[in-house]
Amino acid sequence: MDDAFLKPYNPAETEQRIYELWEQSGMFNPDNLPDAETRKPYTIVMPPPNANGDLHAGHALFITLEDILIRYKRMQGYRALWIPGADHAGFETQVVYEKKLEKEGRSRFKMQPKELYDEIYAFTLENKKNMEEQMRKLGASCDWSREKFTLDGDIVQRVQDTFIKMYEDNLVYRGKRTVNWCPKHQTSLSDVETVGMEETAPLYYFKYGPFTIATARPETKFGDKYVVMHPDDVRYKKWKHGQQINLEWINGPITATVIKDEAIDPEFGTGVMTITPWHDVTDFEIAKRHNLPFEQIIDWRGKLMPVAKEFEGMKILSARPEIIKKLTEKGLVVKIDEQYQHVAKRCYKCNTFIEPQVKDQWFVKMASLAQMALEAVNEKQVRFIPDNYEKIFRYWMENTLDWNISRQIVWGIPIPAWFKNRGTDKEESVVSHTRPEGDEWESDTDTFDTWFSSGQWPLLVTGYPDGKDYTTYYPTDVMETGNDLIFKWIPRMIIFGLYLGKKVPFHTVYLHGLVNDAHGKKMSKSKGNVISPITITEKYGTDALRMALVVGNTPGTNLSLNPDKVKGYKHFSNKLWNITRFILERTQEVDDDIILNEKDASIWEEMRAHTTEVTKHMENFSIHLAAEKLYHFTWHRLADEIIEESKPILEENNADTARSRSALLRRMLDQTLRLLHPFMPFITEEIWQKMKHKKEPMLMSAQWINTMETE
RNA sequence: GGGCGCUUAGCUCAGUUGGCUAGAGCAACUCGUUUACACCGAGUAGGUCAGAGGUUCAAGUCCUCUAGCGCCCACCA
């Protein structure tokens with residue numbers, strides 16, 4: 001027996017050494033596994049973490065879950081491939097970097113785009129390297145030789161190809177539409193990048209000629225020349241559609257036109273409103289229906305434009321009270337309802353109020369694509385774990401709007417488009433990798449929404465359309481990711497998978513919840529309750545952390561992570577260590593094929609039943625139950641009962657019973673290590689190495705069930 | 001306004017298609033051992049499974065309602 005067993009298990013001394021052993025074996029690359037060609041492929045694509053900081057507990061959870069699945073399948077004889085990656089995370093990273101610039105007293109608006117891009121690139125690569133090291137510490141058995149970064153040259157090329165293809169297929173169009181504009185970040189955002197926050201704000205009632213109109217945004221009303229009501233509203237029956245009225249407004253007399261439109265809710269306010277098509281989606285739709293002109297009132301920085309006359313240049317929020325003051329003086333304020341509750345959209349990163357703006361952007365037509373995804377799910381080509389997420393997916397696909405994929409930031413994949421007379425009525429555009437003939441063409445300075453590239457991730461990392469991996473490993477098997485991505489990411493991957501690859505990109509979606517603190521509260525820097533997985537690992541060992549993340553963690557629900565729980569599994573590591581010590585120290589080395597006596601055979605039968613049950617849980621994706629079962633059986637059955645009752649048996653003079661029991665315990669240890677390996681890879685491999693196993697030199701690539709001994 | 005989920009021992013949570021005399025970890029208490037392990041062992045205590053009604057031979061598990069909590073979505077200005 002190795003002397004190391006005389007001391008408690010020391011993860012700090014072990015883990016790096018074991019990881020290097022695995023990495024040097026080359027077995028993370030499934031093509032190096034024995035008989036790789038005959039093995040059935042099993043693929044997981046890692047959700048590429050944003051390369052802009054340290055790994056957090058959520059990362060540790062997904063790495064653990066995916067590593068468990070991959071190690072399990074590898075041991076089951078699959079050609080198990082786990083493809084790692086890193087996401088440049090466009091807007092996310094740029095925001096992180098802008099904060100850094102701000103601290104240094106700099107601003108991206110004072111930098112050349114190229115300069116900014118290069119700086120963020122360096123910053124991201126550094127973070128990427130750091131993240132990879134941290135993933136290794138967590139035991140990730142992914143194939144680093146296949147690692148991909150969303151800004152790799154080939155990836156960029158493919159993403160642009162997709163855009164061009166979609167344009168040619170008439171699924172992408174250039175449109176002047178209302179976008180969510182963040183005045184601080186100076187970019188448009190998709191709907192999922194905004195958050196609606198409930199707030200109480202005043203609702204103002206103004207006299208508008210013969211009408212009273214209600215609005216929450218008086219500062220947008222300067223240019224309003226159309227007054228709208230529902231066609232069936234009897235109160236306004238006498239006003240005809242198209243009728244013109246002269247009235248006194250904020251900056252003097254104007255001529256307004258009556259419009260009848262069904263978008264108006266007669267129940268709300270007075271049932272009459274004026275429209276500001278440039279700064280409101282509903283108004284925009286009404287204006288389009290009736291062919292009305294639109295005018296920009298608020299500029300890209302959130303300041304009033306010349307139409308506001310004396311208010312020009314003022315920020316909207318500071319202008320508001322001034323405007324109310326003027327309207328009051330003119331006797332145009334009817335009343336103010338101070339308790340008006342509504343939802344206002346804000347930028348999900350800086351909380352700035354989103355200013356709807358009309359802008360030329362690239363849009364993806366979603367209706368037919370979403371329909372395709374919906375059908376695939378209806379046909380059970382994709383299943384969700386837990387299954388209630390299928391409903392959420394459905395809802396999302398049934399209510400999808402066209403997707404704005406243009407972002408006005410440098411950190412991202414450039415949109416391959418060219419313009420002539422950009423921003424004028426004579427604008428022309430060409431979609432192509434290369435500049436069209438003629439000097440007057442300028443390139444699109446916008447970049448793609450991150451989800452446009454990450455939505456294609458399973459295809460991109462397997463080398464769509466002609467890569468070798470694409471034919472072998474696509475479609476992949478499981479997509480394991482956070483439950484918040486059920487509408488941000490999962491649908492887009494299914495859509496691109498079907499559109500480009502003609503197949504769903506994965507058959508199973510496994511969703512995990514958040515990792516919260518010990519009391520179920522969300523971790524945040526400001527609350528000071530952040531648990532760093534790397535710190536925990538250094539204190540208790542990676543195996544302990546992995547168990548703590550997995551046991552009792554039902555799919556789809558949040559987990560409360562208590563350091564005491566991790567400590568408990570550190571104790572378990574040591575228990576396993578000492579089980580090994582006992583068995584190696586007290587049992588004899590016996591032939592593998594020895595016949596067990598009746599008593600021992602029945603215990604072995606129990607072990608086999610245990611193995612079957614754990615396997616069943618794994619097949620059901622009940623990883624939490626498999627882990628708990630393993631813990632319980634190993635400690636409270638094997639250690640507390642079987643080993644205890646073995647002590648006198650092994651001491652007995654009867655050589656046959658002692659030999660049978662020795663064989664039993666050694667087999668049980670062997671099988672226990674196999675079963676625990678996906679969950680606790682480091683300690684199990686360390687023990688395996690010290691046992692100098694002859695036929696299978698490495699536990700990582702050993703078989704899940706020791707078939708020879710189960711005969 | 002719509003949707004989803006949760007409510008089980010002091011705390012954090014399991015409980016797969018209804019069969020439970022309801023479990024685990026941590027915490028508590030009692031005793032023990034230091035010859036695999038004190039990062040230990042044996043044991044004790046602790047729950048009307050949120051509440052009410054229903055289906056069933058049988059309900060923590062299915063249905064309805066009520067209360068509380070959480071999350072997500074939403075172009076009524």
Side-chain angles (χ1 to χ4, degrees), chain A residues 1 5-9 178 180 191-192 195-196 198 203-204 213-217 220-221 224 228 230 263-276 279-286 340 342-343 345 356 386 388-389 391-392 394-396 399 401 483-484 486-487 513-514 516-522 540-541 544 547-548 551-554 556-587 613 616-617 619-622 624-625 627-629 631-632 635-636 639-641 643-644 646-647 651:
Chain A
M1 191 193 71
F5 289 110
L6 300 176
K7 287 181 290 181
Y9 173 61
T178 309
N180 300 306
D191 294 318
V192 294
V195 281
E198 188 133 344
L203 183 66
Y204 304 94
I213 59 159
T215 182
R217 300 204 57 193
T220 64
K221 299 282 135 192
D224 288 10
V228 194
H230 196 281
I264 304 301
D265 177 4
E267 304 292 314
F268 186 89
T270 56
V272 185
M273 69 174 196
T274 62
I275 56 166
T276 315
H279 300 290
D280 186 281
V281 192
T282 310
D283 296 5
F284 179 84
E285 298 294 334
I286 293 172
Y340 172 57
H342 72 143
V343 174
K345 273 192 183 180
N388 59 299
Y389 280 87
K391 273 190 232 165
I392 300 174
R394 263 220 174 80
Y395 176 83
W396 207 259
N399 295 282
L401 300 168
N483 57 8
D484 57 323
I486 185 67
F487 49 83
L514 292 174
N516 291 326
D517 76 0
H519 297 285
K521 296 271 177 276
K522 194 169 172 168
Y540 301 109
M547 283 298 274
V551 175
N553 189 359
T554 324
T557 61
N558 296 347
L559 172 77
S560 302
L561 182 63
N562 188 338
D564 279 347
K565 186 178 178 188
V566 187
K567 196 170 143 196
Y569 291 105
K570 185 190 179 196
H571 295 175
F572 180 56
S573 304
N574 200 51
K575 192 73 184 177
L576 182 63
W577 193 249
N578 281 292
I579 288 170
T580 308
R581 174 178 165 187
F582 176 87
I583 291 177
L584 295 185
E585 212 169 45
R586 302 289 203 84
T587 64
E613 221 167 313
K616 218 168 81 190
H617 284 315
E619 292 301 317
N620 284 341
F621 291 94
S622 297
H624 61 303
L625 298 182
E628 192 181 341
K629 185 126 200 78
Y631 172 86
H632 205 256
W635 195 317
H636 300 298
D640 289 349
E641 293 171 1
I643 285 185
E644 285 308 317
S646 297
K647 287 177 180 173
E651 308 274 295

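Worth knowing before you read on, the calculation uses all heavy atoms, side chains too, and leaves out hydrogens, waters and symmetry mates. Because the structure is predicted, anything quoted here is derived from the model rather than measured.
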[X] vs [N]: side-chain N/O to OP1/OP2 distance below 4.0 Å:
X	N	answer
A:Tyr340	B:rA77	yes
A:Thr557	B:rA14	yes
A:Trp635	B:rG41	yes
A:His571	B:rG41	no
A:Lys575	B:rG41	yes
A:His519	B:rC11	no

Counting side-chain heavy atoms from CB outward, which of [options] is closest to [X]?
X	options	value
A:Met273	B:rC75, B:rA77, B:rC39	B:rA77
A:Ile392	B:rC4, B:rC37, B:rC75	B:rC4
A:Tyr395	B:rC73, B:rG25, B:rA14	B:rC73

What distance, rounded to whole Å, do you find between the two [atom1] atoms, one in [N] and one in [M]?
N	M	atom1	answer
B:rG53	B:rU12	C1'	32 Å
B:rC57	B:rU30	P	50 Å
B:rU7	B:rG60	P	15 Å
B:rU56	B:rU64	C1'	16 Å
B:rA74	B:rC13	P	28 Å
B:rC63	B:rC26	P	35 Å
B:rG10	B:rC71	P	25 Å
B:rU48	B:rC11	P	13 Å

> Can you find a side-chain donor-acceptor pair between A:Asp224 and A:Thr276 that sits under 3.5 Å?
Replying inline: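 Yes - a donor-acceptor pair under 3.5 Å links their side chains.
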For [X] and [N], give me the distance from atom [atom1] to atom [atom2], rounded to whole Å.
X	N	atom1	atom2	result
A:Asn574	B:rG41	CG	C1'	15 Å
A:Ile486	B:rG3	CD1	C1'	14 Å
A:Lys565	B:rC13	NZ	C1'	7 Å
A:Asn558	B:rC72	CG	C1'	12 Å
A:Glu198	B:rG2	CD	P	14 Å
A:Asn180	B:rC75	CG	P	9 Å
A:Lys391	B:rG2	NZ	P	16 Å
A:Leu514	B:rC13	CG	P	12 Å

> Rounded to the nearest 0.5 Å, what separation is found between the OH atom of A:Tyr395 and the CZ atom of A:Phe487?
Replying inline: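 Between atom OH of A:Tyr395 and atom CZ of A:Phe487 there are 11.0 Å.
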>> Once rounded to the nearest 0.5 Å, what's the spacing between atom CG of A:Leu625 and atom CG of A:Asn620?
In response: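 One gets 9.0 Å once the value is rounded to the nearest 0.5 Å.
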> Taking all atoms of both residues into account, what is the closest heavy-atom pair of A:Lys575 and A:Asp640, and its distance?
Replying inline: NZ-OD1, 4.3 Å
> If every non-hydrogen atom of A:Lys629 is compared with every non-hydrogen atom of A:Glu613, which pair is closest and at what distance?
Replying inline: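 Closest pair (atom of A:Lys629, atom of A:Glu613, distance): CE-OE2, 3.0 Å.
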>> Using side-chain heavy atoms (C-beta onward) and a distance below 4.5 Å, is A:Asp283 in contact with A:Met273?
In response: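 Side-chain contact under 4.5 Å: yes.
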>> I want to check something: taking the side chain as every heavy atom from C-beta on, are A:Leu559 and A:Lys565 in contact at a cut-off of under 4.5 Å?
In response: yes
> Can you check side chain to side chain contact (heavy atoms under 4.5 Å, CB included) on A:Asn558 and A:Lys522, steps first, answer last?
Replying inline: CA-CA 10 Å; A:Asn558 296 347; A:Lys522 194 169 172 168; over 6 Å; no
> Listed by chain and number, what are the side-chain hydrogen bond (donor to acceptor under 3.5 Å, both in side chains) partners of A:Asp517, not counting sequence neighbours?
Replying inline: A:Asn529
>> Nearest heavy atom decides the nucleotide; on that basis, is A:Phe487 or A:Ile264 closer to the 5' end of RNA chain B?
In response: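 Here A:Phe487 is the residue nearer the 5' end.
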> Of A:His342 and A:Tyr631, whose nearest nucleotide on RNA chain B comes first from the 5' end?
Replying inline: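 By nearest-heavy-atom nucleotide position, the 5'-most residue is A:Tyr631.
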Would you indicate what [X] reaches in the nucleic acid, counting non-hydrogen atoms under 4.0 angstrom: base, sugar-phosphate, or nothing?
X	value
A:His636	sugar-phosphate
A:Trp396	sugar-phosphate
A:Ala518	sugar-phosphate
A:Asn388	sugar-phosphate
A:Gly271	base
A:Val343	base
A:Glu644	base
A:Gly269	nothing

>> Could you check whether A:Asp191 pairs with A:Lys345 (Lys NZ or Arg NE/NH1/NH2 to Asp/Glu carboxylate O, under 4.0 Å)?
In response: yes
> Is the centre of the A:Tyr540 ring less than 6.0 Å from the centre of the A:Tyr569 ring?
Replying inline: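 When the ring centroids of A:Tyr540 and A:Tyr569 are compared, they turn out to be at least 6.0 Å apart.
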Atom pairs, N/O to N/O, protein against nucleotides 15-18 of chain B, distance under 3.5 Å?
residue	atom	partner	partner atom	Å
B:rG15	OP1	A:His624	NE2	3.1

>> Students often mix this up, so state it plainly: with edges at 30° and 60°, are the rings of A:Tyr340 and A:Phe268 parallel, tilted or perpendicular?
In response: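 Rings of A:Tyr340 and A:Phe268: perpendicular, over 60°.
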> How are the rings of A:His636 and A:His632 set relative to one another: parallel (under 30°), tilted (30 to 60°) or perpendicular (over 60°)?
Replying inline: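 Aromatic pair A:His636/A:His632 classed tilted.
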> Tell me, what's RNA chain B's dot-bracket, Watson-Crick or G-U with both distances under 3.5 Å, | for other-strand, [ ] crossing?
Replying inline: (((((((..((((.....[...)))).((((((....).))))).....(((((..]....))))))))))))....
